[in-house]
Protein chains: 2
Amino acid sequence: MSADTRAPRERMVYAAAQHLRRAGVGGTGLRQVVVDADAPRGSLQHYFPGGKDQLVAEALDWSGTWAAARVEEHVSRMRRPTPSRLFKAVVGDWAADLEAREFARGCPVAAAVVDCADTNETVRHAAETALETWRRPITDALVAMGRPRRRAESLSTLMLCALEGAILLSRAGRDTAPLRLVARELAPVLDA
Amino acid sequence: MSADTRAPRERMVYAAAQHLRRAGVGGTGLRQVVVDADAPRGSLQHYFPGGKDQLVAEALDWSGTWAAARVEEHVSRMRRPTPSRLFKAVVGDWAADLEAREFARGCPVAAAVVDCADTNETVRHAAETALETWRRPITDALVAMGRPRRRAESLSTLMLCALEGAILLSRAGRDTAPLRLVARELAPVLDA
DNA sequence: CTCCGACTATGACAGCTGTCATAGTCGGAT
DNA sequence: ATCCGACTATGACAGCTGTCATAGTCGGAG
């Protein structure tokens, strides 16, 4: 978990992702990322010849993969899995993270979309891919719970919409109530 | 509707809001805003002595008020209003806007939260207020439709969560499917 | 040893940012 | 006519941005 145990390259990607979560793409400076990652500045152009775009794209990719793994952890841990329980687990992760960090960090994908959807096709595409990476294990889990594939696709999209929006409202109001609310309100739809 | 008909000061606020929607707070340059607003640069320090923070805050305020008025328009136009119909109407606005502008512009409040929630208390507070301004007429409408106030508060929050998330996913994938999906899936919960 | 590739170090670059100081231009009230 | 306040114009400022050129270090293979 500590940054020191990772290779410098991955540390940079991780640091970039964390910085994204806090201040968005525009607010993320390469020099600051390098400091946070405790990495040499010269390594930037070595590992990321594509510049900031590449670094941000890889940060999104990393985040998507991480989120997907987290979903699978939840699924495998649940004894009698239901859609609403999975959703509650994911929402719970976010609520805990937001409170622990005092609402300082949100979703890196949201940051990328908001800042770059119209100005940077590379980043926008990486964000889209990250969302798909994240959504896939959710869909698969819902299928394993007996939902038809088509239906599972819809429900996983619904989950991510509600989650992203709830993260936003929670950060705006410095209160995790919206997160808890969507978990509660969506349960009947998800389990229907 | 044209920018020329408004006073310079309001043109600047409006231009700032539109720029926010496209590139976030970090990506919004004051000089560019001034050009878009066709306003004199010197007026910035005259009308907005509080600097960029004040301009962004006022842009959020303007946006919240505009969104609230739009909600009231929908409500007053509906003959047999139901929660799900109101939600569909609001979602429809966004879907139409996204498609018309080719997903270039999202929600200014989302942009502000993502970029500034942890770095700029002034802006974060303005975003929180704008969300409340927006949510209030929705809550009131739901009360008028017979929901208990407490319940109406929950449902309006749920709507905004789903909407904000769906805007995000729609922009990421350049497809309004998520917006249409949340309108459909949430209907039973809203009308229950 | 020698050479080479992987990686690091550092300084410079133009461009942009928000902010400020200073001066200027009006229109209208006195 | 003169004065004042509202508004505009312009240039400068330090600070930061991402990117690049150049040179350096270092470890291991030949």
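Below, read A as the first sequence line, B as the second, and so on, with proteins coming before strands; counting in each chain starts at 1.
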Above 12 or not: heavy atoms from other molecules or residues under 6.0 Å from CZ of Arg22(A)? no

Counting only Watson-Crick or G-U wobble pairs whose two distances fall under 3.5 Å, which nucleotide matches dC20(D)? dG11(C)

Exactly one of Val13(A), Leu20(A), Thr65(A) should register a side-chain contact (heavy atoms from CB on, under 4.5 Å) with Leu60(A). Which one does? Leu20(A)

Which of the following nucleotides, dA9(D), dG18(C), dT19(D), is nearest to the side chain of Lys52(B)? dG18(C)

To the nearest Å, give me how far apart CE (Met12(B)) and C1' (dC7(D)) are. 10 Å

Measure the distance from CZ on Arg11(A) to C1' on dC7(C) and round it to the nearest whole Å. 13 Å

Atom-to-atom span, CZ of Arg31(A) to P of dC16(D) - whole angstrom: 10 Å

Quick one: Gln54(A) CD to dC20(D) P, roughly how many Å, whole number? 12 Å

Only one of Val90(A), Thr139(A), Leu142(A), Val91(A) passes side-chain contact (heavy atoms from CB on, under 4.5 Å) with Met159(A); say which it is. Leu142(A)

Specify the separation, in whole Å, of atom CZ of Arg9(A) and atom P of dC7(C). 10 Å

Within this structure, what is the CZ-to-C1' distance between Phe48(B) and dC7(D), rounded to whole angstrom? 13 Å

From the list dG18(D), dT17(C), dT8(D), which nucleotide is the closest neighbour of the side chain of His46(B)? dT8(D)

Closest nucleotide of DNA chain C for Arg41(B) versus for Gln32(B): which of these residues is on the 5' side? Gln32(B)

Would you call the rings of Trp62(A) and Tyr14(A) parallel, tilted or perpendicular, taking 30° and 60° as the class edges? perpendicular

In whole angstrom, give the distance that lies between atom CG of Asp38(A) and atom P of dT8(C). 12 Å

From CG of Leu30(B) across to C1' of dC20(C) the rounded distance in Å is 13 Å

Taking the minimum atom-to-atom distance to the side chain of Gln45(A), which one of dT10(C), dT22(C), dG18(D) wins? dT10(C)

